[in-house]
Amino acid sequence: MRLSRYFLPVLRETPADAQIASHRLMLRAGMIQQASAGIYSWMPLGLRVLKRLEQIVHEEQMAAGHIPLLMPTLQPASLWQESGRYDDYGQEMLRITDRQERRLVYGPTNEELITDIFRRHVNSYRDLPLTLYHIQWKFRDEIRPRFGIMRGREFLMKDGYNFDVDKDSALHAYNRHMVSYLNTYEKMGLKAIPMRASAGPIGGTHSHEFLVLAETGESEVYFDNDILELTESDHKVDFDNPQECAEVVKRWTTPYARTDETHDPVEFKSQISHSSRRQSRGIEVGQIFYFGTKYSEPMNAFVTNADGDRVPVHMGSHGIGVSRLVGAIIEANHDDRGIIWPEPVAPFLVGIINLAPKDKKTNDVCDDLSRRLSAFGKEPLYDDTHDRAGSKFATMDLIGIPWRLTVGPRGLIKGEIEMSHRRGGQTIICSPDEAINRLCRGNGRRE
RNA sequence: CGGGGCGUAGCGCAGUCUGGUAGCGCAACGGCUUUGGGAGCCGUAGGCCGUUGGUUCGAAUCCAAUCGCCCCGACCA
(Lines give C-alpha, C1' and ligand atoms only; values in the text may rest on other atoms or scores of the structure.)
Protein backbone atom coordinates (compact mmCIF):
# COMPACT_ATOMS: atom_id res chain seq x y z
CA MET A 1 0.00 0.00 0.00
CA ARG A 2 1.42 3.31 -1.06
CA LEU A 3 1.04 5.85 1.70
CA SER A 4 0.41 8.56 -0.89
CA ARG A 5 -2.75 6.72 -1.91
CA TYR A 6 -3.80 5.54 1.52
CA PHE A 7 -5.95 7.28 4.10
CA LEU A 8 -3.93 7.62 7.28
CA PRO A 9 -4.95 10.78 9.12
CA VAL A 10 -2.28 10.85 11.86
CA LEU A 11 -2.28 13.59 14.45
CA ARG A 12 0.86 15.23 15.57
CA GLU A 13 -0.68 16.64 18.68
CA THR A 14 -2.47 14.68 21.34
CA PRO A 15 -6.23 15.21 21.40
CA ALA A 16 -7.31 16.71 24.70
CA ASP A 17 -10.00 14.13 25.38
CA ALA A 18 -7.74 11.10 25.42
CA GLN A 19 -6.64 10.05 28.87
CA ILE A 20 -4.95 6.70 28.48
CA ALA A 21 -2.22 5.51 26.14
CA SER A 22 -4.31 3.29 23.91
CA HIS A 23 -6.96 5.95 23.35
CA ARG A 24 -4.36 8.62 22.70
CA LEU A 25 -2.37 6.43 20.33
CA MET A 26 -5.37 5.14 18.43
CA LEU A 27 -6.47 8.71 17.76
CA ARG A 28 -2.99 9.89 16.88
CA ALA A 29 -2.34 6.92 14.61
CA GLY A 30 -5.57 7.62 12.75
CA MET A 31 -7.12 4.28 13.72
CA ILE A 32 -10.41 5.54 15.07
CA GLN A 33 -12.50 8.64 15.15
CA GLN A 34 -15.16 9.37 17.69
CA ALA A 35 -18.66 9.72 16.31
CA SER A 36 -20.32 10.36 19.66
CA ALA A 37 -19.74 9.35 23.28
CA GLY A 38 -18.48 5.78 23.30
CA ILE A 39 -19.12 5.30 19.57
CA TYR A 40 -16.32 5.29 17.02
CA SER A 41 -15.64 5.04 13.33
CA TRP A 42 -12.85 2.63 12.47
CA MET A 43 -10.44 4.27 10.08
CA PRO A 44 -8.54 2.13 7.57
CA LEU A 45 -5.55 1.38 9.80
CA GLY A 46 -7.73 0.52 12.79
CA LEU A 47 -9.95 -1.65 10.65
CA ARG A 48 -6.96 -3.68 9.49
CA VAL A 49 -6.09 -4.52 13.08
CA LEU A 50 -9.69 -5.30 13.94
CA LYS A 51 -9.93 -7.65 10.96
CA ARG A 52 -6.75 -9.43 11.99
CA LEU A 53 -8.12 -10.07 15.42
CA GLU A 54 -11.39 -11.28 13.95
CA GLN A 55 -9.53 -13.63 11.70
CA ILE A 56 -7.52 -15.12 14.54
CA VAL A 57 -10.67 -15.56 16.59
CA HIS A 58 -12.42 -17.30 13.69
CA GLU A 59 -9.49 -19.63 13.08
CA GLU A 60 -9.29 -20.68 16.70
CA GLN A 61 -13.04 -21.08 17.06
CA MET A 62 -13.27 -23.29 14.06
CA ALA A 63 -10.26 -25.29 15.26
CA ALA A 64 -12.26 -26.03 18.40
CA GLY A 65 -15.18 -27.25 16.31
CA HIS A 66 -17.44 -24.26 16.82
CA ILE A 67 -19.76 -23.12 14.05
CA PRO A 68 -20.00 -19.49 12.88
CA LEU A 69 -23.30 -17.81 12.07
CA LEU A 70 -24.45 -14.20 12.20
CA MET A 71 -27.27 -12.84 14.29
CA PRO A 72 -28.69 -9.32 13.94
CA THR A 73 -27.86 -6.34 16.12
CA LEU A 74 -31.54 -5.53 16.66
CA GLN A 75 -33.58 -8.13 18.48
CA PRO A 76 -37.27 -8.37 19.34
CA ALA A 77 -38.04 -7.37 22.91
CA SER A 78 -40.41 -10.30 23.19
CA LEU A 79 -37.54 -12.78 23.50
CA TRP A 80 -36.09 -10.79 26.37
CA GLN A 81 -39.47 -10.68 28.05
CA GLU A 82 -39.59 -14.45 27.75
CA SER A 83 -36.30 -14.94 29.58
CA GLY A 84 -37.19 -12.29 32.13
CA ARG A 85 -34.18 -10.16 31.29
CA TYR A 86 -36.15 -7.38 29.61
CA ASP A 87 -36.87 -6.03 33.05
CA ASP A 88 -33.69 -7.28 34.73
CA TYR A 89 -31.11 -5.86 32.38
CA GLY A 90 -31.73 -2.24 33.23
CA GLN A 91 -30.92 0.97 31.46
CA GLU A 92 -27.74 -0.39 30.02
CA MET A 93 -29.82 -2.05 27.32
CA LEU A 94 -30.75 0.26 24.48
CA ARG A 95 -34.45 -0.04 23.69
CA ILE A 96 -35.90 1.14 20.41
CA THR A 97 -39.44 1.39 19.09
CA ASP A 98 -39.98 1.07 15.36
CA ARG A 99 -42.67 2.77 13.25
CA GLN A 100 -45.12 -0.05 13.92
CA GLU A 101 -44.65 0.48 17.65
CA ARG A 102 -42.74 -2.79 17.88
CA ARG A 103 -40.29 -2.91 20.75
CA LEU A 104 -36.72 -3.79 19.81
CA VAL A 105 -33.45 -3.92 21.69
CA TYR A 106 -29.96 -3.34 20.32
CA GLY A 107 -28.47 -6.55 21.62
CA PRO A 108 -25.95 -6.29 24.46
CA THR A 109 -25.57 -10.09 24.19
CA ASN A 110 -27.39 -12.89 22.43
CA GLU A 111 -28.47 -15.67 24.79
CA GLU A 112 -32.16 -15.19 24.00
CA LEU A 113 -31.78 -15.02 20.25
CA ILE A 114 -29.55 -18.06 20.03
CA THR A 115 -31.80 -20.04 22.33
CA ASP A 116 -34.71 -19.21 20.06
CA ILE A 117 -32.77 -20.42 17.03
CA PHE A 118 -31.81 -23.57 18.84
CA ARG A 119 -35.28 -24.50 20.09
CA ARG A 120 -36.83 -24.14 16.67
CA HIS A 121 -34.48 -26.62 15.08
CA VAL A 122 -32.97 -28.98 17.62
CA ASN A 123 -34.96 -31.62 19.42
CA SER A 124 -32.65 -34.56 19.98
CA TYR A 125 -29.50 -35.27 21.97
CA ARG A 126 -28.20 -36.78 18.74
CA ASP A 127 -27.71 -33.26 17.39
CA LEU A 128 -25.54 -32.34 20.36
CA PRO A 129 -23.02 -31.12 21.28
CA LEU A 130 -23.39 -27.89 19.37
CA THR A 131 -21.56 -24.61 19.76
CA LEU A 132 -22.59 -21.63 17.64
CA TYR A 133 -20.84 -18.30 17.66
CA HIS A 134 -20.70 -15.02 15.86
CA ILE A 135 -18.67 -11.84 15.77
CA GLN A 136 -21.07 -8.95 15.85
CA TRP A 137 -21.43 -5.39 17.10
CA LYS A 138 -23.06 -5.02 20.47
CA PHE A 139 -24.35 -2.01 22.32
CA ARG A 140 -24.37 -1.34 26.01
CA ASP A 141 -25.55 2.07 27.01
CA GLU A 142 -22.82 2.68 29.57
CA ILE A 143 -23.50 5.42 32.06
CA ARG A 144 -20.11 6.84 31.39
CA PRO A 145 -18.19 5.59 28.37
CA ARG A 146 -14.46 6.34 28.56
CA PHE A 147 -10.98 5.33 27.50
CA GLY A 148 -11.85 5.29 23.81
CA ILE A 149 -12.54 1.89 22.44
CA MET A 150 -11.73 0.23 25.76
CA ARG A 151 -15.01 1.13 27.26
CA GLY A 152 -17.19 2.30 24.45
CA ARG A 153 -20.89 1.79 24.16
CA GLU A 154 -20.71 0.09 20.80
CA PHE A 155 -18.21 -2.74 20.66
CA LEU A 156 -17.35 -5.75 18.57
CA MET A 157 -17.57 -9.04 20.39
CA LYS A 158 -17.22 -12.67 19.57
CA ASP A 159 -19.91 -14.44 21.51
CA GLY A 160 -20.46 -18.16 21.43
CA TYR A 161 -23.06 -20.44 22.96
CA ASN A 162 -22.77 -24.13 23.67
CA PHE A 163 -25.69 -26.54 23.85
CA ASP A 164 -25.20 -29.86 25.61
CA VAL A 165 -27.40 -32.64 26.83
CA ASP A 166 -26.19 -32.60 30.42
CA LYS A 167 -23.98 -30.81 32.87
CA ASP A 168 -20.88 -32.97 32.30
CA SER A 169 -20.82 -32.41 28.59
CA ALA A 170 -21.53 -28.70 29.10
CA LEU A 171 -18.55 -28.50 31.44
CA HIS A 172 -16.44 -30.06 28.71
CA ALA A 173 -17.62 -27.24 26.45
CA TYR A 174 -16.57 -24.82 29.16
CA ASN A 175 -13.12 -26.38 29.30
CA ARG A 176 -12.87 -26.49 25.54
CA HIS A 177 -13.56 -22.79 25.42
CA MET A 178 -10.92 -22.06 27.99
CA VAL A 179 -8.33 -23.95 25.94
CA SER A 180 -9.35 -22.28 22.70
CA TYR A 181 -9.28 -18.86 24.35
CA LEU A 182 -5.78 -19.49 25.70
CA ASN A 183 -4.71 -20.35 22.18
CA THR A 184 -6.46 -17.33 20.73
CA TYR A 185 -4.74 -14.81 22.96
CA GLU A 186 -1.37 -16.43 22.48
CA LYS A 187 -1.82 -16.29 18.72
CA MET A 188 -2.32 -12.55 19.11
CA GLY A 189 0.94 -12.21 20.94
CA LEU A 190 -0.82 -11.50 24.21
CA LYS A 191 -0.51 -12.88 27.71
CA ALA A 192 -4.04 -13.21 29.02
CA ILE A 193 -4.58 -14.90 32.37
CA PRO A 194 -7.77 -16.79 33.21
CA MET A 195 -9.05 -15.71 36.59
CA ARG A 196 -11.94 -16.97 38.60
CA ALA A 197 -14.80 -14.53 38.15
CA SER A 198 -18.34 -13.89 39.22
CA ALA A 199 -21.04 -14.44 36.64
CA GLY A 200 -22.78 -11.07 36.77
CA PRO A 201 -26.00 -10.55 34.84
CA ILE A 202 -25.38 -13.57 32.61
CA GLY A 203 -25.77 -15.81 35.65
CA GLY A 204 -24.37 -19.26 36.25
CA THR A 205 -22.04 -21.29 38.43
CA HIS A 206 -18.73 -21.40 36.57
CA SER A 207 -17.00 -18.37 35.16
CA HIS A 208 -13.51 -17.23 34.29
CA GLU A 209 -12.38 -13.89 33.01
CA PHE A 210 -9.27 -13.48 30.87
CA LEU A 211 -7.16 -10.53 31.85
CA VAL A 212 -4.27 -8.74 30.21
CA LEU A 213 -1.99 -7.14 32.77
CA ALA A 214 -1.73 -3.37 32.31
CA GLU A 215 -1.44 -0.46 34.70
CA THR A 216 -4.53 1.15 33.23
CA GLY A 217 -6.66 -1.96 33.72
CA GLU A 218 -10.05 -1.51 35.33
CA SER A 219 -9.73 -4.55 37.63
CA GLU A 220 -7.47 -5.15 40.57
CA VAL A 221 -6.07 -8.65 40.20
CA TYR A 222 -4.20 -11.07 42.49
CA PHE A 223 -2.26 -14.01 41.20
CA ASP A 224 0.53 -16.52 41.66
CA ASN A 225 3.56 -15.47 39.64
CA ASP A 226 3.93 -19.04 38.37
CA ILE A 227 0.95 -18.61 36.09
CA LEU A 228 2.97 -16.21 33.95
CA GLU A 229 5.24 -19.09 32.95
CA LEU A 230 2.44 -21.16 31.43
CA THR A 231 1.97 -21.30 27.68
CA GLU A 232 -0.53 -23.21 25.63
CA SER A 233 -0.47 -22.82 21.88
CA ASP A 234 2.61 -25.02 21.50
CA HIS A 235 0.58 -28.00 22.63
CA LYS A 236 -1.80 -29.77 20.33
CA VAL A 237 -5.01 -30.49 22.16
CA ASP A 238 -7.76 -32.72 20.88
CA PHE A 239 -10.78 -30.51 21.50
CA ASP A 240 -13.13 -33.47 21.39
CA ASN A 241 -11.26 -35.17 24.20
CA PRO A 242 -12.71 -34.09 27.58
CA GLN A 243 -9.75 -35.56 29.43
CA GLU A 244 -7.18 -33.54 27.53
CA CYS A 245 -9.12 -30.31 27.81
CA ALA A 246 -9.68 -30.87 31.52
CA GLU A 247 -5.95 -31.35 32.05
CA VAL A 248 -5.16 -28.05 30.39
CA VAL A 249 -7.80 -26.30 32.44
CA LYS A 250 -6.46 -27.85 35.60
CA ARG A 251 -2.96 -26.66 34.82
CA TRP A 252 -4.20 -23.11 34.31
CA THR A 253 -6.67 -22.93 37.16
CA THR A 254 -4.49 -24.46 39.85
CA PRO A 255 -2.30 -21.40 40.46
CA TYR A 256 -4.14 -18.68 42.35
CA ALA A 257 -5.57 -16.03 40.00
CA ARG A 258 -8.54 -13.90 40.98
CA THR A 259 -10.03 -10.51 40.32
CA ASP A 260 -11.02 -8.34 43.25
CA GLU A 261 -14.56 -9.69 42.90
CA THR A 262 -13.52 -13.19 43.92
CA HIS A 263 -10.28 -12.48 45.76
CA ASP A 264 -9.83 -14.13 49.16
CA PRO A 265 -6.90 -12.54 51.04
CA VAL A 266 -6.61 -15.41 53.54
CA GLU A 267 -6.43 -18.04 50.84
CA PHE A 268 -4.03 -15.87 48.86
CA LYS A 269 -1.57 -15.66 51.75
CA SER A 270 -1.83 -19.26 52.88
CA GLN A 271 -1.60 -20.76 49.40
CA ILE A 272 1.28 -18.85 47.84
CA SER A 273 4.74 -18.00 49.08
CA HIS A 274 5.37 -14.35 49.67
CA SER A 275 7.80 -14.06 46.77
CA SER A 276 5.29 -15.45 44.27
CA ARG A 277 2.34 -13.27 45.25
CA ARG A 278 1.50 -10.65 42.67
CA GLN A 279 -0.99 -7.84 42.77
CA SER A 280 -1.58 -5.85 39.64
CA ARG A 281 -4.22 -4.36 37.41
CA GLY A 282 -5.79 -6.05 34.43
CA ILE A 283 -7.96 -5.41 31.41
CA GLU A 284 -10.68 -7.94 30.85
CA VAL A 285 -10.61 -9.24 27.29
CA GLY A 286 -12.86 -12.26 27.56
CA GLN A 287 -15.10 -14.26 29.80
CA ILE A 288 -16.59 -17.75 29.79
CA PHE A 289 -19.70 -18.96 31.61
CA TYR A 290 -21.55 -22.13 32.33
CA PHE A 291 -25.10 -21.36 33.37
CA GLY A 292 -26.94 -24.64 32.85
CA THR A 293 -30.63 -24.26 32.16
CA LYS A 294 -31.07 -20.61 33.09
CA TYR A 295 -32.36 -19.75 29.60
CA SER A 296 -33.43 -23.11 28.25
CA GLU A 297 -36.05 -23.66 30.95
CA PRO A 298 -37.96 -20.37 30.71
CA MET A 299 -37.57 -20.35 26.93
CA ASN A 300 -38.56 -23.96 26.54
CA ALA A 301 -35.41 -25.20 24.79
CA PHE A 302 -35.67 -28.90 25.50
CA VAL A 303 -34.23 -31.98 23.81
CA THR A 304 -35.01 -35.65 24.13
CA ASN A 305 -32.14 -37.51 25.77
CA ALA A 306 -31.02 -41.11 25.23
CA ASP A 307 -33.56 -42.31 27.78
CA GLY A 308 -36.42 -40.69 25.90
CA ASP A 309 -36.91 -37.92 28.48
CA ARG A 310 -37.47 -34.27 27.52
CA VAL A 311 -34.74 -32.30 29.30
CA PRO A 312 -33.75 -28.63 29.22
CA VAL A 313 -30.54 -28.16 27.31
CA HIS A 314 -27.42 -27.15 29.25
CA MET A 315 -25.79 -24.00 28.04
CA GLY A 316 -22.87 -21.70 28.50
CA SER A 317 -21.78 -18.53 26.81
CA HIS A 318 -18.36 -17.26 25.98
CA GLY A 319 -17.18 -13.86 24.89
CA ILE A 320 -14.09 -12.22 23.50
CA GLY A 321 -14.06 -8.44 23.35
CA VAL A 322 -12.59 -8.04 19.89
CA SER A 323 -12.66 -4.24 19.63
CA ARG A 324 -11.54 -3.88 23.22
CA LEU A 325 -8.58 -6.16 22.49
CA VAL A 326 -7.20 -3.54 20.14
CA GLY A 327 -6.95 -1.16 23.08
CA ALA A 328 -5.68 -3.83 25.45
CA ILE A 329 -2.93 -4.84 23.05
CA ILE A 330 -1.80 -1.22 22.78
CA GLU A 331 -1.87 -0.76 26.54
CA ALA A 332 0.45 -3.72 26.82
CA ASN A 333 2.61 -2.81 23.80
CA HIS A 334 3.67 0.81 23.43
CA ASP A 335 6.42 3.26 24.28
CA ASP A 336 6.74 7.02 24.25
CA ARG A 337 7.04 7.09 20.48
CA GLY A 338 3.92 5.10 19.74
CA ILE A 339 2.39 1.68 19.32
CA ILE A 340 4.48 -1.50 19.07
CA TRP A 341 2.27 -4.12 17.40
CA PRO A 342 2.87 -7.80 18.05
CA GLU A 343 3.51 -9.21 14.59
CA PRO A 344 0.39 -11.38 14.32
CA VAL A 345 -1.95 -8.43 14.74
CA ALA A 346 0.02 -5.63 13.10
CA PRO A 347 -1.91 -3.73 10.41
CA PHE A 348 1.18 -4.09 8.22
CA LEU A 349 4.14 -6.29 9.02
CA VAL A 350 6.61 -4.10 7.17
CA GLY A 351 6.95 -0.42 6.44
CA ILE A 352 9.15 0.86 3.65
CA ILE A 353 10.54 4.35 3.87
CA ASN A 354 11.68 5.96 0.66
CA LEU A 355 14.12 8.69 1.62
CA ALA A 356 14.44 10.11 -1.87
CA PRO A 357 11.21 9.86 -3.86
CA LYS A 358 12.82 11.90 -6.63
CA ASP A 359 15.62 9.41 -7.14
CA LYS A 360 14.93 6.74 -9.75
CA LYS A 361 17.21 4.11 -8.25
CA THR A 362 15.63 4.52 -4.82
CA ASN A 363 12.15 4.30 -6.28
CA ASP A 364 13.03 1.18 -8.23
CA VAL A 365 14.37 -0.59 -5.16
CA CYS A 366 11.34 0.42 -3.09
CA ASP A 367 8.94 -0.74 -5.80
CA ASP A 368 10.77 -4.04 -6.08
CA LEU A 369 10.68 -4.58 -2.33
CA SER A 370 6.95 -3.81 -2.27
CA ARG A 371 6.22 -6.21 -5.06
CA ARG A 372 8.23 -9.05 -3.60
CA LEU A 373 6.81 -8.65 -0.10
CA SER A 374 3.29 -8.56 -1.49
CA ALA A 375 3.99 -11.71 -3.46
CA PHE A 376 4.83 -13.38 -0.16
CA GLY A 377 1.52 -12.27 1.31
CA LYS A 378 3.14 -9.51 3.35
CA GLU A 379 1.88 -6.32 1.80
CA PRO A 380 4.00 -3.48 3.16
CA LEU A 381 3.02 0.08 3.93
CA TYR A 382 5.22 1.97 1.53
CA ASP A 383 5.91 5.60 2.44
CA ASP A 384 6.47 7.13 -0.99
CA THR A 385 5.54 10.65 0.10
CA HIS A 386 7.75 13.70 -0.15
CA ASP A 387 7.83 14.35 3.58
CA ARG A 388 11.11 14.73 5.36
CA ALA A 389 12.86 11.71 6.75
CA GLY A 390 12.30 12.60 10.37
CA SER A 391 8.61 12.94 9.87
CA LYS A 392 8.42 9.58 8.08
CA PHE A 393 10.30 7.82 10.86
CA ALA A 394 8.07 9.40 13.47
CA THR A 395 4.92 8.28 11.67
CA MET A 396 6.16 4.74 11.18
CA ASP A 397 7.08 4.56 14.88
CA LEU A 398 3.73 6.01 15.90
CA ILE A 399 1.66 3.49 13.99
CA GLY A 400 3.84 0.69 15.32
CA ILE A 401 4.77 -1.30 12.21
CA PRO A 402 7.04 -4.13 13.45
CA TRP A 403 9.67 -3.96 10.71
CA ARG A 404 10.97 -0.95 8.83
CA LEU A 405 13.01 -0.93 5.66
CA THR A 406 14.73 2.38 5.01
CA VAL A 407 15.91 2.97 1.48
CA GLY A 408 18.01 5.92 0.34
CA PRO A 409 20.58 6.81 -2.29
CA ARG A 410 23.42 6.95 0.22
CA GLY A 411 23.08 3.27 1.16
CA LEU A 412 22.24 2.16 -2.35
CA ILE A 413 25.69 3.24 -3.56
CA LYS A 414 26.89 0.13 -1.75
CA GLY A 415 23.70 -1.78 -2.54
CA GLU A 416 22.55 -1.54 1.05
CA ILE A 417 19.32 -0.71 2.83
CA GLU A 418 18.52 -0.50 6.49
CA MET A 419 16.24 -2.93 8.29
CA SER A 420 15.10 -2.12 11.78
CA HIS A 421 12.87 -3.62 14.39
CA ARG A 422 10.31 -1.41 16.12
CA ARG A 423 10.27 -3.35 19.37
CA GLY A 424 13.95 -4.03 19.94
CA GLY A 425 15.24 -1.01 18.07
CA GLN A 426 18.05 -3.04 16.48
CA THR A 427 19.07 -2.00 13.00
CA ILE A 428 21.01 -4.01 10.48
CA ILE A 429 22.46 -2.91 7.19
CA CYS A 430 21.85 -5.45 4.46
CA SER A 431 20.98 -5.96 0.83
CA PRO A 432 17.35 -5.83 -0.33
CA ASP A 433 17.55 -9.58 -1.00
CA GLU A 434 18.61 -10.33 2.51
CA ALA A 435 15.85 -8.16 3.94
CA ILE A 436 13.29 -10.09 1.90
CA ASN A 437 14.79 -13.38 3.04
CA ARG A 438 14.65 -12.40 6.67
CA LEU A 439 11.08 -11.14 6.48
CA CYS A 440 9.69 -13.97 4.41
CA ARG A 441 11.39 -17.07 5.71
CA GLY A 442 9.41 -19.50 7.81
CA ASN A 443 5.68 -19.80 7.72
CA GLY A 444 4.78 -16.25 7.05
CA ARG A 445 1.43 -14.84 7.83
CA ARG A 446 -0.99 -14.73 4.92
CA GLU A 447 -2.61 -11.42 4.19
C1' C B 1 -27.13 9.66 38.28
C1' G B 2 -24.24 12.95 42.12
C1' G B 3 -19.88 16.31 41.90
C1' G B 4 -16.48 19.20 38.71
C1' G B 5 -14.97 21.19 33.94
C1' C B 6 -15.01 22.43 28.70
C1' G B 7 -17.47 23.91 23.68
C1' U B 8 -13.46 29.99 19.77
C1' A B 9 -10.07 27.65 12.23
C1' G B 10 -8.69 20.52 10.85
C1' C B 11 -5.73 19.77 15.87
C1' G B 12 -3.80 22.13 20.50
C1' C B 13 -4.96 26.65 22.86
C1' A B 14 -5.30 32.32 24.30
C1' G B 15 -9.05 36.04 24.55
C1' U B 16 -14.42 35.82 28.69
C1' C B 17 -13.17 38.22 35.15
C1' U B 18 -13.24 44.22 33.34
C1' G B 19 -18.65 44.14 26.62
C1' G B 20 -15.97 48.03 21.75
C1' U B 21 -12.72 45.54 14.29
C1' A B 22 -11.34 37.40 16.68
C1' G B 23 -5.81 35.94 17.88
C1' C B 24 -1.32 32.32 18.56
C1' G B 25 1.21 27.54 17.50
C1' C B 26 0.84 23.25 14.48
C1' A B 27 -1.56 21.34 10.08
C1' A B 28 -3.29 23.03 4.83
C1' C B 29 -2.11 25.85 0.15
C1' G B 30 1.85 28.77 -2.99
C1' G B 31 7.11 30.23 -3.53
C1' C B 32 12.37 29.95 -2.35
C1' U B 33 16.02 27.38 0.49
C1' U B 34 16.65 22.74 2.87
C1' U B 35 16.72 17.18 2.81
C1' G B 36 18.81 10.06 7.18
C1' G B 37 14.70 11.39 13.33
C1' G B 38 8.32 15.58 13.40
C1' A B 39 13.06 21.89 8.71
C1' G B 40 13.63 27.60 7.81
C1' C B 41 11.95 32.12 5.65
C1' C B 42 8.11 34.80 2.89
C1' G B 43 3.19 34.76 1.49
C1' U B 44 -2.17 32.80 1.10
C1' A B 45 -6.54 30.80 2.68
C1' G B 46 -9.66 29.26 6.59
C1' G B 47 -14.12 30.94 12.24
C1' C B 48 -22.48 33.12 12.70
C1' C B 49 -16.82 32.09 19.03
C1' G B 50 -22.07 24.81 20.09
C1' U B 51 -27.44 26.44 19.62
C1' U B 52 -31.67 29.53 20.98
C1' G B 53 -33.50 33.53 23.52
C1' G B 54 -32.59 37.89 26.64
C1' U B 55 -29.82 42.52 28.50
C1' U B 56 -27.17 46.52 25.77
C1' C B 57 -25.98 51.75 21.12
C1' G B 58 -22.82 47.39 20.80
C1' A B 59 -22.13 40.39 23.15
C1' A B 60 -17.04 35.20 22.04
C1' U B 61 -17.32 38.15 26.65
C1' C B 62 -23.09 39.48 30.94
C1' C B 63 -27.98 36.53 32.02
C1' A B 64 -31.24 32.22 30.97
C1' A B 65 -32.37 27.86 28.61
C1' U B 66 -30.78 23.95 25.68
C1' C B 67 -27.48 20.46 23.07
C1' G B 68 -22.76 18.13 23.00
C1' C B 69 -18.14 16.47 25.10
C1' C B 70 -14.54 15.37 29.08
C1' C B 71 -12.94 14.23 34.24
C1' C B 72 -13.89 12.05 39.53
C1' G B 73 -17.43 8.78 41.86
C1' A B 74 -21.20 4.85 41.79
C1' C B 75 -21.88 1.09 37.57
C1' C B 76 -19.85 -1.97 33.76
C1' A B 77 -16.85 -6.38 28.98
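In what follows, chains are A, B, ... by sequence order, proteins preceding strands, each numbered from 1.
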Salt bridge or not between A:R372 and A:D433? Use side-chain N to carboxylate O under 4.0 Å.
yes

When the distance from CG of A:L27 to P of B:G10 is rounded to whole Å, what number comes out?
17 Å

By the Watson-Crick or G-U definition, both distances under 3.5 Å, B:C75 is matched with none

Every protein N/O within reach of nucleotides 71-73 of chain B N/O, cut-off under 3.5 Å:
from	atom 1	to	atom 2	distance (Å)
B:C71	OP2	A:R144	NH1	3.3
B:C72	OP2	A:R144	NH1	3.2
B:C72	OP2	A:R144	NH2	2.7
B:C72	N4	A:R144	NE	3.4

Sticking with atom C1', work out how far B:C67 lies from B:A27, rounded to a whole angstrom.
29 Å

Could you state the atom-to-atom distance from CG of A:L8 to P of B:A27 in whole Å?
17 Å

Checking A:Y382 now: which residues fulfil ring pair (Phe, Tyr, Trp, His ring centres under 6.0 Å) with it, not counting sequence neighbours?
none

May I have the distance from A:L398 (atom CG) to B:A27 (atom P), rounded to whole angstrom?
16 Å

Taking the same atom, P, in B:C62 and in B:U8, what whole-Å distance lies between them?
16 Å

Between A:R153 and A:E92, is there a side-chain N and carboxylate O pair less than 4.0 Å apart?
no

Taking the same atom, P, in B:C6 and in B:G50, what whole-Å distance lies between them?
13 Å

What orientation do A:H23 and A:Y40 show, parallel under 30°, tilted 30 to 60°, or perpendicular over 60°?
perpendicular

Contacts of A:F118 that satisfy ring pair (Phe, Tyr, Trp, His ring centres under 6.0 Å) - sequence neighbours left out
A:F163

CZ of A:R24 versus C1' of B:G12: gap in Å, rounded?
15 Å

If we take the C1' atom in both B:G20 and B:C75, what is their distance in whole Å?
50 Å

P atoms of B:G53 and B:G7, separation to the nearest Å
22 Å

Salt-bridge contact A:R151-A:E142 (side-chain N to carboxylate O under 4.0 Å)
yes

Whole Å only: how far is the CD atom of A:E13 from the C1' atom of B:A27?
8 Å

Cation over ring face, A:R140 and A:Y89, 6.0 Å, 45°
no

Determine the Euclidean distance between corresponding C1' atoms of B:G46 and B:A28; express it in Å to zero decimal places.
9 Å

Against A:E220, only a single residue in A:R258, A:H263, A:Q279 fulfils side-chain hydrogen bond (donor to acceptor under 3.5 Å, both in side chains); can you say which?
A:Q279

For a ring pair (Phe, Tyr, Trp, His ring centres under 6.0 Å) check, start with the C-alpha distance between A:Y222 and A:Y256, then their side-chain angles and the critical distance, and finish with the verdict.
CA-CA 8 Å; A:Y222 305 83; A:Y256 190 98; 7.7 Å; no

What is the base-pairing partner of B:C69, counting Watson-Crick and G-U wobble geometry with both distances under 3.5 Å?
B:G5

Answer with base, sugar-phosphate or nothing: what part of the nucleic acid does A:T395 contact at a heavy-atom distance below 4.0 Å?
base

RNA chain B: 5'-proximal contact among A:A37 and A:G321 (nearest heavy atom)
A:A37

Validate the cation-pi geometry between A:R324 and A:F155: distance from NZ or CZ to the six-membered ring centre under 6.0 Å, angle to the ring axis within 45°.
no

Polar atoms only, N or O, under 3.5 Å: list the protein pairs with nucleotides 35-37 of chain B and their distances.
from	atom 1	to	atom 2	distance (Å)
B:G36	N2	A:E418	OE1	2.3
B:G36	N2	A:E418	OE2	3.0
B:G37	O6	A:R404	NH1	2.9
B:G37	O6	A:R404	NH2	3.1
B:G37	N1	A:D397	OD2	3.0
B:G37	N2	A:D397	OD2	2.3

Partner of A:R2 under side-chain hydrogen bond (donor to acceptor under 3.5 Å, both in side chains), chosen from A:D384, A:N354, A:D383:
A:D384

Taking only the P atom of each, what is the distance from B:G30 to B:A45 in whole angstrom?
15 Å

In whole angstrom, give the distance that lies between atom CZ of A:R153 and atom P of B:C75.
20 Å

Checking base pairs now: Watson-Crick or wobble, both atom distances under 3.5 Å. What partners B:A59?
none

Rounded distance in Å between the P positions of B:C17 and B:A59:
14 Å

Which part of the nucleic acid, if any, lies within contact of A:G217, taking any heavy atom under 4.0 Å across all strands shown: a base, the sugar-phosphate backbone alone, or nothing?
nothing

Please identify which of these residues, A:H314, A:K167, A:H318, meets the side-chain hydrogen bond (donor to acceptor under 3.5 Å, both in side chains) condition with A:Y290.
A:H314

Starting at CD of A:E261 and ending at P of B:A74, how long is that distance when rounded to a whole Å?
14 Å

So which nucleotide from B:C76, B:C70, B:C26 ends up closest to the side chain of A:R151?
B:C76

Does the structure show a Watson-Crick or G-U wobble partner for B:U16, both distances under 3.5 Å? Name it, or say none.
none

Might you list the N or O atoms of the protein lying below 3.5 Å from N or O atoms in nucleotides 42-45 of chain B, with each pair's distance?
none

Nucleotide paired to B:G43 in any strand shown, Watson-Crick or G-U, under 3.5 Å
B:C29

Residue pairs, two or more places apart or on separate chains, that pass salt bridge (Lys or Arg N to Asp or Glu O under 4.0 Å) and touch residues 330-341 of chain A:
A:D335-A:R337, A:D335-A:R422, A:R337-A:D397

Separation of B:C75 P from A:E142 CD (nearest whole Å)
12 Å

Using heavy atoms to find the nearest nucleotide of RNA chain B for A:M157 and A:S36 separately, return the residue whose nucleotide is more 5′.
A:S36

Is the shortest distance from a Lys or Arg side-chain nitrogen in A:D367 or A:R371 to a carboxylate oxygen in the other one below 4.0 Å?
no

